[in-house]
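This report concerns only the one structure given below.
Note that the coordinates shown come from a computational prediction; the quantities given were computed from them, not determined experimentally. Below, each value reflects all heavy atoms present in this structure, side chains not excepted, and no hydrogens, waters or symmetry copies.
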Amino acid sequence: MSKIDELAELIVGIADKIDEATSASGDSAQEAEQVGSTAAALGAESVVEGMSEVKTQLDALSDLLQGASQKAREIKALALSVAENG
C-alpha cells in the first residue's frame, strides 16, 4: 500500500468520524426541540427561547460538519487522482 493510499484511508476515517459527530449533533438538535416543546406546554417561554437558540446553533454545527466531511472526501479523491496520474 502506497503512502497516498494510506493517507486516503486516514482521510476517510476522519470523514467517517465527522459524519458520526454530524449525526450526534442532529440528534441533540432534535432533543433540544423536544425540550422546547415540553417547555412550551408548561408555559416556560424563556426555556423555549433558549432551546430554540440551542437548536439553531446545533443545526449550524451540523451544516458545518457536513461541509467538512464532504471536503475531506474531495481531498481523498484528489490524493488518489494525483497518485494515479503521478
Between V12 and K17, is a side chain to side chain contact (heavy atoms under 4.5 Å, CB included) present by the stated rule, with each step listed?
-> CA-CA 9 Å; V12 168; K17 292 293 183 186; over 6 Å; no
Hydrophobic cluster membership, I14 vs L65, 4.5 Å side-chain cutoff = yes
side-chain hydrogen bond (donor to acceptor under 3.5 Å, both in side chains) assessment of Q57 paired with E53 = CA-CA 6 Å; Q57 294 299 318; E53 181 60 25; 2.8 Å; yes
Does the side chain of R73 reach to within under 4.5 Å of the side chain of D19, using non-hydrogen atoms?
-> yes
Less than 4.5 Å apart, any side-chain heavy atom of K55 and any of M51?
-> no
d(E74 CD, S81 OG) to nearest 0.5 Å is 13.0 Å
Atom of L80, atom of A8 and distance for their closest heavy-atom approach = CD2-CB, 3.7 Å
Flag, side chain of S28 to backbone of A24, donor-acceptor distance under 3.5 Å | yes
Check: S62 side chain, L58 main-chain N or O, donor-acceptor pair, under 3.5 Å | yes
Salt bridge (charged side-chain N to carboxylate O under 4.0 Å, His left out) with D5: which residues, sequence neighbours excluded?
-> none
Regarding Q30 and Q34, is there a side-chain donor-to-acceptor distance under 3.5 Å anywhere?
-> no
State whether the side chain of S52 and the backbone N or O of V48 hold a donor-acceptor pair below 3.5 Å, judged by distance alone.
-> no
Scanning both residues in full, the closest heavy-atom pair of I11 with A72 reads CG2-O, 2.9 Å
On a heavy-atom basis, the closest approach of A32 and V54 is CB-CG1, 3.9 Å
Of all heavy-atom pairs between A79 and I4, which one has the smallest distance, and what is that distance?
-> O-CG2, 3.2 Å
